[in-house]
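Only this structure's heavy atoms are used, side chains among them; waters, hydrogens and symmetry mates stay out. First the proteins, then the strands, lettered A, B, ... as listed; each starts at 1.
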Amino acid sequence: MKVGVVVFPGSNCDHDVYHAFSHVLDCEAMFLWHGDETIHGCDLVVLPGGFAYGDYLRAGALAALSPVMSAVRRHAREGGLVLGICNGFQVLLEAGLLPGAMRRNQGLRFLCQDVYLRVERNDLPFTSRLRVGQVLRLPIAHAEGNYEDSPERLDALEDRRQVVFRYCGPDGSICAFDAELNPNGAARAIAGIANEQGNVFGLMPHPERSVESLLGNSDGLAMLAGTVASLTPLGEARA
Amino acid sequence: MIQARVTVYPRREILDPQGKAIGDALSRLGFQGVVSVRAGKSFEIELDSAEVSGARRQLEDMCERLLANTVVEDYEIEILGEDGR
Amino acid sequence: MIQARVTVYPRREILDPQGKAIGDALSRLGFQGVVSVRAGKSFEIELDSAEVSGARRQLEDMCERLLANTVVEDYEIEILGEDGR
Amino acid sequence: MSGPSVTPSSTASPPPRLPNEPAVTPALAAERGLSGEEYGQLRAILGRDPSWTELGVASALWSEHCSYKSSKVYLREFPTSGPRVLQGPGENAGVVDVGHGWVAVFKMESHNHPSYIEPYQGAATGVGGILRDIFTMGARPIACLNALRFGEIDAPRMRYLIDGVVRGVGDYGNCFGVPTVGGETAFHRCYNGNILVNAFALGVARHDEIFKARASGAGNPILYAGSRTGRDGIHGATMASESFDIESEAKRPTVQVGDPFTEKILLEACLEAMKTGAIVAIQDMGAAGLTSSTFEMAGRGGTGMRLDLEKVPLREPGLSPYEMMLSESQERMVVLAKRGREEEVERVFRRWGLEIAEIGEITDGGRALLCFHGETYADIPIEPLTEQAPVYRRPTAPPPDLAARWEAPTLPEIGHPVETLERLLDTPDFGSKRWIWRQYDHTVRTNTVRGPGGDAAVVRLKGTPSALALTADVNPIYCQLDPERGGMQAVAEAVRNLACVGAEPVGLTDCLNFGNPQNPHVAWQLQQSVLGLSAACRALDVPVISGNVSLYNETQTESGPQSIYPTPAVAMVGLIPLLGHLPESHFEQAGDRILLLGRDRAEFGGSAWLRLLHDLEQGRPPEVDLDAESKLALLLRELIGAGLLSTAHDLSEGGLAIAAAEACFGRRLGARLEVSTPLELFSETQARALVACPPAHSIEILRAAERHGVPAREIGEVGGDDLAFEVGGETFRAPVARLEAIWERALPKALGL
Ligand SMILES: Nc1ncnc2c1ncn2[C@@H]1O[C@H](COP(=O)(O)OP(=O)(O)O)[C@@H](O)[C@H]1O
Ligand SMILES: [Mg+2]
């Protein structure tokens, strides 16, 4: 079981993701260079947060064109697991591996704060260690997390149960129009979505920043540990 | 040499928080009768190309593949001039 | 009703990291002969105003005070049409 | 000023002139900021009239910003050595040993004038500049602070400046990927025409990874890496050395635009290239770009150099040698490689998509030859220019009204202490700064143990049991009333903030923001502040390892030049050798006992209460008892080390009332405090901290305090929904929820948001 962390020029959470998988979850992890057209046989590919290519033009737009993305596409087509965090989620949207698009936060400002997330489904490898309806507290740090798509496509997204996480209150209550609960104004309070097959998952919050109690929050651990476990023979956890 | 301008706007049906914010700010500054503001991007592109029709096709291709995210954005192409200005 | 478009670009002598990044990306995508790209902003503004000259003056004022940062940006005003399209 | 050693020039006649280049005259030299005396010194060094390019180089190197000519004599006062200090002032940043084979590299820089002209780009490039200073040393930046001083929010342009600066600081650091974990924000009319933007960065490296900017090895190639050169910020260094007049719009240089994306890949490329072993020295291009970087590198190493300027990568055609030498385009590095191994370095930069070009080489003989298409445009001995820059001991004079300033203020009635507190919390000065720091990524790099919102920030050192603590402090009101005490107080408060998270100071960096040093009163302020800072550093055992001086912070107004208050901003780094249980800066647990450490005195000189509620800036600021400060710090570290405290929050501006209120907000826990008089709540007596602990620990804490000779007493208890002050027999109370709402809204409200 090997985790690959893609390094785009401008990725800045690549070391954080590597640290979480390699040092906290104790699995084999390696960096994947944006310019190489291979993922070196990794089982899980993570697109980390940051500002790939400065997020110039649109967040994730320029990174989506990198050679490594064709390898990531192939991996996804073959059912391999792909996880996009923050900027990585934006790259997956721009690459068309996930539906929809990101707009600037409704307040037009970068936001770094904790948010509450409600788990909408736990039948995915990424959420196998979570309970439906469970509330997680995770940090966000982005300027463009305002998820958007046409009403029809949003309906389709819901029908196919592709919404995995929603912004919510501490009690799990959802109000898409409450700027406190849904600070970036995402449509239908969407914080994370998966593709139809459920092997490609993107979310704006940062689970890798919340895996050590030393830093005051380990709500992200179960998500990453579950993802790893789902890939480990007999699904037994390494963490 | 061909000078072109590509303009990219959020689709009409999709809300445009930036445009709205700017409209509000203009009103706060005391500007009367601002009905609506849409905020988009503009790219001025200089192409080393001889004939306009080919350049236009190339620009459309650029928009589809990179300059615009057609999920939420529309684009528009203007040829400003040939052989520079 | 007057429809106007304001285009704001970084001044020519000033570094335009975004334009540079986009130009590089277009070349990586295999687009030939992209000489230069400048990345700017575009605002489509609808004004509830009768006469063009007044509207133009108002728009200039908007640019100076809000839409453009004249320390680093130049702006351009076009009147697209009157009484809507 | 010190006489230069006159090296006779090899070229008798001045180098050639480009068609559009002016002939150099004393008048032109004066325009470029060289005094008659300095121009004479330059002619003596050259043994002839300088060329236009030589004049540009000299005026940049001898500008206040690059040469510290007016401040050098004072800076010598600073204690700069200590057992942990590996590199003191003089390099791009200071270096201290923090154990386990790691070193901490840090520095603070000002970007005041550019931020006033264009707040977004000014602040952004300020952050970019300080980050380059850190990774130039071979260290990876792991945390930033920013110390901001704005004018009154209602002053012209001020909301625009605040918004632009905050966005600029945020966007640059966020994109680069360094957490901004703390800082300071203050508002005062003295900054209405000259805001202060001071950026601090901290990096870490292994002992053997440290790089210095010291040239050596004739024949070694000088490489240019990073962004291309444009006409950005030409004369930036000289501008930063002139006072600000209303027409400065006119002589405004092309604004420097920051490109944090390029900076980020420049960081990765530099750190990777350093590992090749093919790099001799490396230096970022900051103020006076190519000039200061190459001359300082060669000057430090006592070598010469030849630059072939036609090889400098340009963004726009037609730059003259003069413009190339003085451009302040951002995100550029000078890399000195080992001859024959330059490809190893170039390969790394190209892999990261960065441009790199050989633009010259190191030579023997100590002269700088600046060539352009084969012609020599400058031929100058380097060492006299860099190491023997003019030094001034400007005349100093205390302000005539000092005695009057120090007269004890007549104290108004406090009235209802809780209402007074509410009115203080409702000011942008005391209101929460969350609106600002929530726009800064403060959790990236997953080291942030304590982010903004408390006393000191804390970042853990991955791979060690240790952590580093950071804080930025200074009280310009104190400094205005008594610059020496103000200087002492800044250091003392920083030490106190560190002690509240159990950290021991390892070093300090400063930004000395002052007015025009040619004004004797300003020179006096500078001298006195440095005396105060130095005395406190010695007493509290904190070496000064780096810093920056920003003078001429004054505005020409109809009513003559207006200097800012003396603002010697201090940023201090502390070490937590063994990161264990840390107290919060807020109350944690109902039932906890509240203790006040430190002695009570009624001191209101320069207090926030008088300034903000009674518009009175009067009296001598609180006494700074350095012995008491060091005892308090020792005590706090011991108590925290023993895990006895659930809360520790220092008392500073606003005194006990503000500290108590802030402590209630974190978990929205009420508290009851007993004081003998309302005044006691707002006194700003130093060397004090508020702590809370489980009842069982109270006795032990009091005993420890006695052992350390720190006065201490139990003054209340945590719990309930109200903050209640028991004054004499009377109780004044307010719901914490209401106080917190006022405090949270104060700044956004003042900004009209
Ligand atoms: N410009 C800023 N950027 C980041 N954090 C800031 C800024 N200004 C203030 N803060 C944070 O707000 C909190 C309160 O600041 P301050 O009142 O100066 O603390 P103290 O009085 O203990 O020095 C601190 O945690 C500080 O780090
Ligand atoms: Mg404090």
Within a radius of less than 6.0 Å around CD of Glu180(A), do more than 12 heavy atoms belonging to other residues, nucleotides or ligands occur?
no

With a 4.5 angstrom heavy-atom cut-off, which part of Ala39(C) approaches chain A: side chain, backbone, both or neither?
neither

In short, side chain to side chain donor-acceptor pair (under 3.5 Å) pairs touching residues 6-16 of chain A with sequence neighbours left out are none

Side chain / backbone / both / neither for Leu57(A) at chain C, heavy atoms under 4.5 Å
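Both the backbone and the side chain of Leu57(A) come within 4.5 Å of chain C.
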
Suppose we count any N or O donor within 3.5 Å of an acceptor, strictly below that value; which pairs fall between chain A and chain C?
residue	atom	partner	partner atom	Å
Leu57(A)	N	Gln18(C)	OE1	2.5

